[in-house]
2 protein chains.
Amino acid sequence: MTLRHAILGLLSKWDATGYDIKKEFDDFMSIFWHSHLSQIYPELNKLETEELVTSRLIPQEGKPHKKVYSITDGGIEEITNWVGSPPEIPKIKDSFLMQVFFMDNISVDQVIFQLKYYQGVRQKRLDEMKLTVQEAWKSIKERQTMTPRLLMSSAVLRRGLEQEVQYIKWCEETIQLVEACKSLWDPDASLDSVLPFEEAKDLMEEYFNAAVGLEED
Amino acid sequence: MTLRHAILGLLSKWDATGYDIKKEFDDFMSIFWHSHLSQIYPELNKLETEELVTSRLIPQEGKPHKKVYSITDGGIEEITNWVGSPPEIPKIKDSFLMQVFFMDNISVDQVIFQLKYYQGVRQKRLDEMKLTVQEAWKSIKERQTMTPRLLMSSAVLRRGLEQEVQYIKWCEETIQLVEACKSLWDPDASLDSVLPFEEAKDLMEEYFNAAVGLEED
DNA sequence: AACTCATATGTAAATACTTATATATAAATA
DNA sequence: TATTTATATATAAGTATTTACATATGAGTT
């Protein structure tokens, strides 16, 4: 039921085609949503039969015709109600964290490789996002205006950015921890090469305290 | 295709019933995964026909019988391959961030209310998680042993914790920003009560820099 | 005494989402 | 020149997920 609100929310800002909506999803909104055209088009149809949106056909030369959707008063009411309704904690599906959770099944070197690889992928994403922010920031300064709309989308953008920054930092610190605890993986290690528990404990405490105070007694 | 890996991963640690797996999902694994029993049972059946797991019936007195699943060599191979396969950035669906994105449709007071409410919900979740960590930590110190398995699940746990901490901090700082920019919402405000652009710009810059350096020129 | 919760396994139906296919043209790239 | 990409809409088929239903018992709560 959230896809309809993603669509209505966008149409409360501008008129748009299904294709436009998809581009918006893939661009800025990818921080918190995604969807395929094959899901967007039927949803727009449903919204039209429910009279939350209306459409008009716009013929184009050389390109396929456009079906431009506009929001109705009913649609505005629906999206406004939803935005003000009690928020829920989204149920996460993070397949990489799941891989990490089961990484005791592979070698330390593989673990470190996976973490480094993922860190790189996230870094690339962060770099792209930073470019977007800088462009947006430039145009805001040129226009010399600040609006609630800009404010709220900036809040979302900051959340997206800091999420990337923090994931990268987590990768880094986890690589360090695993590197320091390497000998735990080796069952054939001689006793003096095995990590003593006290040392592991200290490393872990440091690792946790870098992110959250555990205030334990 | 990830549910099967969640199940196989768990069965690579211990034998379990579908019911046990569901509890594990709802408990520790909720940081990165969730699923319903009505999806877990059919998936276990599929895994059995593919010979990645085997099952045996265990009758119980007073309670329904148990169907305990064990992983096979084929299952171990499958999960090991998957854990070592190239990780992908999960596509996020965060309906709260979407609500925030469209919050220019409601009043400032409602915006602040929504943010405060969500912060509270997240805080409650963090408090629960902290309790779990403290218990786990106590038992680790009692057992005086550290293993790759414990290490990797600790890494996931830390990620979960810091995610909560950061979301709470984001709520706090966003509330402050919105509070400071309140006058933007009021179209009837007299000119001198409207937030000047320069002031808004400074507030925004501070807001972004608290999380990420934008290194702009 | 009636209701809810935890244990335990399942099926059925409905919804949501992904992947593949179909059509049509212009522009850009290999 | 052939392929890919972008524009634009749409359907079909398959997979994944959620919600509802069905059954059974013991323990705890209202």
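Below, chain A is the first sequence line, B the second, and so on; all start at residue 1.
- Scanning DNA chain C 5' to 3' for nucleotides with an atom closer than 4.0 angstrom to a non-hydrogen atom of chain A gives a first and last hit of C/dA16 to C/dA26.
- Put simply, the side chain of B/Glu135 never gets that close to the backbone of B/Thr132: no donor and acceptor are under 3.5 Å apart.
- The pair A/Glu142-A/Lys138 fails the salt-bridge criterion, with no side-chain N (NZ, NE, NH1 or NH2) lying under 4.0 Å from an Asp/Glu carboxylate O.
- Residue whose closest nucleotide on DNA chain C sits further toward the 5' end, between A/Pro64 and A/Met1: A/Met1.
- Rounded to whole Å, the distance from CZ on B/Phe25 to P on D/dT18 is 12 Å.
- Counting non-hydrogen atoms of other residues, nucleotides and ligands closer than 6.0 Å to CD of B/Glu77 gives a total of 12 or fewer.
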Only pairs under 3.5 Å count here: list side-chain donor-acceptor contacts from residues 90-98 of chain A, not counting sequence neighbours, and write none if there are none.
{"unit_1": "A/Asp94", "atom_1": "OD1", "unit_2": "A/Phe96", "atom_2": "N", "d": "3.1"}
{"unit_1": "A/Asp94", "atom_1": "OD1", "unit_2": "A/Leu97", "atom_2": "N", "d": "3.1"}
{"unit_1": "A/Asp94", "atom_1": "OD2", "unit_2": "A/Tyr167", "atom_2": "OH", "d": "2.9"}

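- Separating the CG atom of B/Asp26 from the C1' atom of D/dT18 is a distance of 14 Å, rounded to the nearest angstrom.
- Here the C1' atom of nucleotide D/dA22 and the OH atom of B/Tyr41 are 14 Å apart, to the nearest Å.
- Against DNA chain D, the stretch residues 79-94 of chain B makes no heavy-atom approach under 4.0 Å.
- At a cut-off of 3.5 angstrom, counting only N and O atoms as typed in the model, there is a donor on one side and an acceptor on the other between the side-chain of B/Ser38 and the base of D/dT19.
- Toward the 5′ end of DNA chain C lies the nearest nucleotide of B/Gly18, the other residue of the pair A/Leu3 and B/Gly18 mapping further downstream.
- At least one side-chain nitrogen or oxygen of B/His34 sits closer than 4.0 Å to the OP1 or OP2 atom of D/dT18.
- Between the side chain of A/Gln114 and the backbone N or O of B/Val83, at least one donor-acceptor pair lies under 3.5 Å.
- Atoms CD (A/Gln60) and P (D/dA6) sit 17 Å apart, rounded to a whole Å.
- Evaluated for a side chain to side chain contact (heavy atoms under 4.5 Å, CB included) with A/Leu47, the options A/Ile71, A/Thr54, A/Ile7, A/Thr72 yield exactly one hit, A/Ile7.
- Side chain of B/Asn105 to backbone of B/Phe102: a donor-acceptor contact under 3.5 angstrom is found.
- In this structure, B/Ile7 places its CD1 atom 12 Å from P of D/dA16, rounding to the nearest Å.
- Between the B/Asp27 side chain and the B/Lys23 main chain, no donor and acceptor come within less than 3.5 Å of each other.
- Straight-line distance from the CD atom of A/Gln39 to the P atom of D/dT11: 15 Å, rounded to whole Å.
- A donor-acceptor pair under 3.5 Å is absent between the side-chain atoms of B/Thr17 and the main chain of B/Val68, judged by distance alone.
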